[in-house]
Every structure is written in structure tokens, then in C-alpha cells.
> 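I'd like to ask some things about the structure below.
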Amino acid sequence: MSESSGNRSPEPIDAVPPDLRDPAERLSALVASAGVAIFSHTLDGRILDWNDGATAVYGYVAEEMIGQSMDRLLLDRRHDSPRRLTGQVVHGREAQENDEFRVTRDGRVLRVVSVTSPIFDADDEVAAISRVERDVTKERRLETSLRRVNHRLRLKTDELEQFVSTVSHDLKSPLVTIQGFAGMLREDLRGGDLDALPDSIERITQATHRMSQLIEHLLEVSRIGRLAPMHREVEASELVSEILEEVEDRIVARQARVIVDPALPRLYVDPAYVSLALRNLVTNALKYGVREPGDPIRIGGESADDETRLFVSDRGPGIAPEHHQGIFRLFQRLDTDREGTGIGLAIVRKIADVHGGRCWVESVPGKGAAFWIAFPATPDEEDDSDDDASAEGGPAASGAPANEPAARGTGGTP
Amino acid sequence: MSERARNRPLDFLLVEDDEDHAILVRRTLERQPATRAVRHMADGEAAMEYLHDAPSRGLPDVILLDLNLPRAGGLEVLARIKRDPRLATIPVVVLTTSRAEGDRARAYAEHANSYLVKPIDFVQFVRMVQVLSDYWGRWNAPPPLGPS
């Protein structure tokens with residue numbers, strides 16, 4: 001016995017406890033105690049074997065399952081893939097690995113990786129099916145949230161790239177104008193030609209004005225989001241009447257007819273932010289949506305489902321469908337108008353974003369446009385990463401310290 | 001006997017939405033000896049309409065094209081010009097404030113013949129327009145007039 005090393009015995013018998021010397025018993029012990037769900041079933045889905053791992057994952061004990069159909073584990077009994085898969089395994093006579101959905105005894109839906117294999121009888125026919133299944137719900141959820149974060153990051157990077165390119169363009173343009181007309185002015189003076197002087201000076205003045213406006217708006221847009229919104233209940237009608245007072249001169253100048261719906265919803269938002277968003281929408285409507293004196297600008301809103309929405313509509317030229325997304329991006333202008341900086345709607349979008357809300361435009365070209373901004377009726381929940389952590393098993397049994405929720409505003413300016 | 005190229009009078013088409021820049025380019029171009037005429041269009045669609053309606057003999061010798069244009073954007077105009085056999089051989093010089101790599105890459109991918117970034121400095125600006133006019137009017141041998 002002590003010379004077993006020379007015998008090339010396939011089994012290190014010494015190491016095996018006496019009651020597991022039989023390989024068949026050992027194999028069954030291995031299956032029984034494996035930390036994954038292992039079960040077998042007939043070709044029509046009746047359960048034959050069910051290990052402790054399967055009980056741990058699905059909640060059913062062996063007595064409940066053996067002899068029963070595996071249908072109760074399926075999410076969609078008519079269309080779920082296990083039936084198809086059984087067919088494929090029988091036909092292909094080979095194991096297959098798939099991601100599938102399962103329903104536990106207490107009704108939870110799990111994502112599992114299932115390795116489905118054929119069990120052959122003495123005639124080498126597929127007689128039954130074995131399944132080894134591992135719960136990957138948590139992994140898949142993490143993958144999804146990672147993908148989401150990645151996607152968000154990519155959007156941010158794109159936005160930043162666009163930002164740099166457009167800032168350089170939009171800031172450089174007035175500089176070219178200023179330098180150019182100053183140069184021409186100098187030449188004209190040298191040549192004693194004074195006719196074009198007033199025009200050159202006017203163009204230089206306008207360009208500096210445009211530039212300072214652009215810089216101001218840029219600062220505004222960068223400020224949003226640096227401060228978390230301070231939610232409180234506020235009547236939309238209050239915000240609207242404040243704004244209308246502020247822009248009264250412009251309403252008079254454009255001879256617009258402003259109609260405010262009598263029943264505006266109550267909001268749970270940061271009033272300063274929302275006021276800024278609304279002001280941008282109203283001034284946009286005044287700038288682009290009033291073609292004739294007396295053209296209406298309507299401000300309204302509604303509460304629906306889980307959100308409260310406001311809109312500002314006009315009967316201006318409207319916006320073609322292909323621009324409905326783009327106009328909320330920084331520096332997207334549809335016109336070469338001199339008034340706009342292309343930042344107003346980006347501010348609106350950012351304000352919707354920081355509230356966990358959304359904004360969009362509804363428009364039929366030629367018939368006007370309605371700009372909507374919507375906010376959650378109750379404040380946005382914390383980010384989903386927290387949900388994932390807290391969803392697992394209640395109070396942490398381990399000695400690991402609980403994560404402190406990140407304090408707002410730490411880390412200073414980015 | 002001399003190798004000096006001859007000045008060829010050039011007709012420019014300037015596609016530029018910024019009125020100030022259009023005036024600057026035009027005024028500077030018109031002072032160059034090689035310039036015969038500068039036509040200005042303020043947006044992409046207008047430029048395409050003009051090019052489509054122009055008789056072959058009346059097509060511009062050089063197109064100066066801004067990228068940031070309302071209605072059809074500069075890159076789209078460029079692509080449409082280069083796809084049209086009647087227009088494809090007209091040199092298109094992109095004239096923009098954008099130095100962005102993406103813009104440059106896309107412009108050349110759409111077969112821009114040259115890419116010039118508008119200098120802020122006026123002296124440089126004038127110099128650029130002079131060189132531009134000199135290059136296309138004096139040194140560059142144009143494509144022979146094909147059957148049209």
C-alpha cells in the first residue's frame with residue numbers, strides 16, 4: 001500500500017474517506033453538494049433529479065420537484081427557450097450553454113447560465129437531459145449598469161469634444177470679425193476713406209457684444225449641475241408670472257400675445273433652475289416664434305403619471321423632425337441669426353437632466369412648435385448603483401464597513 | 001521664355017453664412033489682381049441651386065466653402081459638388097474657423113482640395129487670401145475643359 005506511487009493507481013485511495021470509496025457514490029455526493037443547481041429531466045420536462053444547489057437557487061426542495069414538470073421554473077411557459085433548447089440538445093447530441101430566465105419559488109426572476117447536456121442510454125440514444133445552472137442575476141445587473149455608465153461616459157466625451165470644437169468656432173468667429181474690421185478700418189483711415197468707418201465700428205461693436213453674451217451663457221451652462229438642485233414645492237404659475245414680468249419689454253417689442261393656461265401644475269423642483277429653463281423657452285419663443293404682431297405664445301402644463309410637465313408653444317416656423325434631437329445640444333443653431341448663441345436649449349436640457357426629468361419638442365414645420373420640460377412628480381431617487389448594493393440580503397452580515405453615502409458637494413470644483 | 005505662369009482671371013464662389021466674414025473675404029479677394037468676380041451665397045442650398053443653374057461656362061473657378069452653414073451644411077455641399085460630374089473638378093477650398101481634427105478629416109474624406117483655417121490676425125488673413133488667389137490663379141494648372 002505504501003508503494004502505491006509505483007502502481008500508477010488512478011485514484012489516491014489513501015486520501016479518500018472510507019465511506020466514499022465507491023466512485024459512483026462519490027460522484028453522487030459531488031452532484032448533491034455542488035454549489036450550483038444541478039438537475040435532470042425527461043425529454044418532456046419532468047424532473048428526475050434535483051440537488052441541494054438547485055434548492056438553494058430556486059427555493060424548491062427535491063420532494064416538491066421530482067416527478068413534476070420543470071415548467072414552473074420558466075418565465076414564459078409557451079415561448080421560453082428551454083423547450084427549444086431540449087430539442088436542440090436531443091438533435092445535436094451535444095451540450096449547450098445559454099443565458100436564460102428562471103422563476104424561483106417565491107416569484108423572483110433570475111438570470112442563469114444554463115449548461116444543458118444530453119444523457120445517453122445503453123443504446124446511445126438521448127434519454128434525458130441534465131442541466132447545470134448558475135445564478136448570474138447580480139453579474140448581469142452589474143454588467144448592465146456598467147454598460148449604462150459606459151454609455152453615459154461616451155455621451156459625455158462626445159459632448160465635450162463637440163463643446164471644444166464649437167466653443168473654438170463660436171468664440172473665434174467674432175475675433176476674426178473684430179480683427180478684420182479693425183484692420184480694414186486702419187487701411188481706410190490711412191487711405192483717407194471715411195465712408196465705411198461707421199459700418200466697421202458697428203460690426204466690431206456687435207461682434208464684441210456677441211462674444212460677451214456667449215461667454216456669459218457658457219458660464220451659466222457650466223454652473224448648472226455644479227450645484228445640486230434644491231427641491232421645494234412651487235406653483236408653476238408663480239414662476240411664469242415672474243418671468244413674464246422680466247421679459248415684458250421684449251413681449252411688447254415683438255407684439256406677441258402671451259396666453260398662460262389658468263391651471264398650471266404645482267412642481268417639486270429647484271425654482272431657480274426651472275425659472276431659468278422657462279425663461280429660455282419664453283425668450284426663444286419671442287425670438288423665433290413670433291412672425292406677425294399678435295402671434296400667440298402659450299404657456300401651459302399638466303400632471304400625468306409620475307411627472308409634471310410644462311410647455312411653451314408658438315406659431316412660428318416650427319422645427320423639422322430631423323432637428324428635434326439636435327437642437328438641445330450645445331451650439332446647435334438652425335439659423336444664422338445674430339441673436340442666438342445656441343446655448344439656450346442646452347441649458348433647458350441640462351436643467352431637465354439635473355432634476356432627473358426630460359425635455360423635447362413637438363412641432364409641425366410651418367405650424368409652430370411646443371417645447372416641453374418634464375420633472376419627476378417626486379424627487380429623483382439616488383443613483384441606481386446604490387439600489388444594487390442595498391438590494392442584496394439586507395443588513396451586511398460581514399464585518400465590512402457600510403459605505404457612507406457620498407456627501408454632496410465634496411471634492412470641490414471639477 | 002520665362003517660366004512665369006500667367007495670371008488667369010478667377011471667378012470665386014464664396015459660400016459663407018457669417019456676413020462679416022463674407023465682407024472681409026470678398027473685399028480682400030477683390031483687391032487681388034487674379035480676381036475677376038466674387039459671388040457670395042449665404043447658405044448651402046442657395047449655393048447648390050446657383051451651381052446647378054449656372055451654365056457650364058459660367059461655373060466658378062474656385063469655391064470657397066465655410067463648414068458651418070445653415071440649411072445644407074458645408075460638408076454636405078462639398079459631397080454634393082464632388083458627386084456631380086459637372087462640378088467635381090472645381091477646386092473646393094474649405095475656409096473655416098474650425099481647426100478640429102474631425103472637421104478636417106471629414107472635409108478631406110469628402111474630397112476637399114484644400115483646408116484653410118481663417119486666421120484671427122488681419123494681416124495674416126489678407127496674406128492668406130493673397131496666397132490663395134495667387135496659387136489658384138497663377139500657379140495651379142486647371143483641369144482641361146472636358147466635353148460638356
Side-chain angles (χ1 to χ4, degrees), chain A residues 157-158 160-191 193 195-196 199-211 214 288 317 319-320 322-323 326-327 331-338 340 342 365, chain B residues 14-32 40-47 64 66-77 94-107 115-130:
Chain A
T157 317
D158 289 352
L160 200 69
E161 210 168 272
Q162 193 205 359
F163 179 82
V164 171
S165 127
T166 36
V167 160
S168 65
H169 173 268
D170 282 41
L171 283 176
K172 257 182 83 178
S173 271
L175 282 180
V176 171
T177 298
I178 293 164
Q179 284 263 352
F181 281 92
M184 297 214 311
L185 207 148
R186 205 163 36 230
E187 283 181 0
D188 287 344
L189 274 179
R190 213 178 287 142
D193 179 4
D195 291 350
D199 180 63
S200 296
I201 291 169
E202 181 57 24
R203 286 177 192 279
I204 292 169
T205 312
Q206 288 298 327
T208 49
H209 173 71
R210 217 160 50 242
M211 224 173 143
L214 191 66
Y288 309 109
I319 287 148
E322 64 266 29
H323 298 304
I327 48 167
F331 299 111
Q332 294 292 312
R333 267 174 303 173
L334 297 182
D335 227 316
T336 46
D337 69 287
R338 280 303 167 79
Chain B
L14 170 63
V15 192
E16 168 67 80
D17 68 321
D18 187 307
E19 191 189 310
D20 295 340
H21 293 195
I23 293 173
L24 285 171
V25 175
R26 182 180 203 146
R27 225 181 109 167
T28 318
L29 264 182
E30 282 171 350
R31 291 179 185 178
Q32 307 311 313
H40 169 223
M41 295 288 156
D43 72 69
E45 283 301 342
L64 302 178
D66 187 19
L67 287 184
N68 228 332
L69 292 172
R71 305 215 281 158
L75 287 171
E76 191 193 324
V77 170
V94 171
L95 187 56
T96 173
T97 51
S98 169
R99 211 175 265 287
E101 202 176 301
D103 284 339
R104 265 187 294 149
R106 281 187 287 271
Y115 189 102
L116 299 177
V117 179
K118 293 171 193 164
I120 291 171
D121 182 82
F122 182 64
V123 176
Q124 300 272 348
F125 187 93
V126 172
R127 174 118 186 78
M128 180 197 71
V129 174
Q130 280 169 347

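All values below come from the heavy atoms of this structure, side chains included, with hydrogens, waters and symmetry mates left out. Numbers restart at 1 for each chain; the letters A, B, ... are given by sequence-line order, proteins then strands.
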> With a 6.0 Å cut-off (strictly less than), is the heavy-atom count around CD of A/E322, excluding the residue itself, greater than 12?
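Atom CD in A/E322 is crowded, with more than 12 foreign heavy atoms closer than 6.0 Å.
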> Go through the steps to decide whether B/K118 and B/D18 satisfy the test salt bridge (charged side-chain N to carboxylate O under 4.0 Å, His left out), and finish with yes or no.
CA-CA 12 Å; B/K118 293 171 193 164; B/D18 187 307; over 6 Å; no
> Heavy atoms only, distances under 4.5 angstrom: which of B/T28, B/L67, B/V126, B/I23 has the most pairs with chain A? Name it, please.
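Among B/T28, B/L67, B/V126, B/I23, the one with the most close pairs to chain A is B/I23.
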> Is it the backbone or the side chain of B/V25 that comes under 4.5 Å from a heavy atom of chain A, or both, or neither?
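Neither the backbone nor the side chain of B/V25 comes within 4.5 Å of chain A.
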> Please identify, among B/V123, B/D121, B/T97, B/T96, the residue contributing the most non-hydrogen atom pairs under 4.5 Å to chain A.
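Heavy-atom pair counts peak at B/T97.
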> Using non-hydrogen atoms only, which part of A/E202 is less than 4.5 Å away from chain B: side chain, backbone, both, or neither?
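Interface part for A/E202: neither.
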> Take a 6.0 Å sphere around CZ of B/R31 and say whether it holds more than 12 heavy atoms from other residues, nucleotides or ligands.
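Atom CZ in B/R31 is packed in, count exceeds 12.
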> Determine, stepwise, if the pair A/I178 / A/I204 fulfils side-chain contact (heavy atoms from CB on, under 4.5 Å).
CA-CA 5 Å; A/I178 293 164; A/I204 292 169; 4.1 Å; yes
